[in-house]
Amino acid sequence: MTNDLTHYRQLERRLWMTRWRYEGQESPEEDAILDEMEGVWMNLNEGERALLRLEGPRWRPTESSSLSPQLADTMYAPALAPWA
């Protein structure tokens, strides 16, 4: 795993924590993280991008107990398609 891929995964986690803290509402921190993620994405090679598309975000919780109450009802949304 390259440093850029590791950094991208760390940013995914920060994004999740920020969204949880702001209960799903937009925030300046979220915008800054997304901007940074875009910059890191551009530095990833095609293999890393393909891996991220296939796996999807790792920060997505698997248990509703790890969600804020406002986000808990989004846990069982329809299955996500691979990331484009």
Side-chain angles (χ1 to χ4, degrees):
M1 189 178 292
T2 66
N3 287 338
D4 286 329
L5 185 56
T6 301
H7 186 200
Y8 192 87
R9 289 292 191 196
Q10 290 169 342
L11 290 169
E12 284 181 330
R13 178 74 176 148
R14 281 181 46 206
L15 180 63
W16 162 249
M17 295 301 292
T18 300
R19 287 179 172 170
W20 185 85
R21 190 172 358 145
Y22 286 93
E23 300 176 341
Q25 302 297 314
E26 290 186 27
S27 68
E29 288 94 339
E30 179 181 357
D31 291 340
I33 294 167
L34 289 170
D35 289 344
E36 189 174 351
M37 287 176 81
E38 183 178 0
V40 174
W41 179 265
M42 299 307 289
N43 292 328
L44 297 174
N45 64 46
E46 281 303 314
E48 292 167 331
R49 290 180 188 174
L51 177 67
L52 288 169
R53 286 184 191 110
L54 179 66
E55 290 180 352
R58 288 188 178 174
W59 52 264
R60 187 174 177 88
T62 57
E63 296 181 18
S64 60
S65 62
S66 62
L67 294 166
S68 69
Q70 291 76 5
L71 298 177
D73 61 344
T74 65
M75 178 69 190
Y76 300 102
L80 298 173
W83 286 70

Taking the side chain as every heavy atom from C-beta outward, state whether Glu12 and Trp16 have any atom pair closer than 4.5 Å.
-> no

Note, Glu36 side chain near Ile33 side chain (heavy atom, < 4.5 Å) = no

Would you check if there is a donor-acceptor pair between the side chains of Glu29 and Tyr22 at a distance under 3.5 Å?
-> yes

Which atom of Leu44 lies closest to which atom of Leu5, heavy atoms considered = CD2-N, 3.6 Å

CZ/Arg49 to CG/Asn43 distance, rounded to the nearest 0.5 angstrom?
-> 8.5 Å

How long is the span from the CD atom in Glu48 to the OG1 atom in Thr6, to the nearest 0.5 Å?
-> 8.5 Å

Looking only at heavy atoms, what is the nearest atom pair of Leu15 and Leu34, with distance?
-> CD2-CD2, 3.8 Å

From Leu11 atom CG to Thr18 atom OG1, the distance as rounded to the nearest 0.5 Å | 10.0 Å

How long is the span from the CZ atom in Arg14 to the CZ atom in Arg9, to the nearest 0.5 Å?
-> 16.0 Å

Determine yes or no for a side-chain-to-main-chain donor-acceptor pair under 3.5 angstrom, with Arg19 supplying the side chain and Glu30 the backbone.
-> no

Above 12 or not: heavy atoms from other molecules or residues under 6.0 Å from CG of Asn3?
-> no

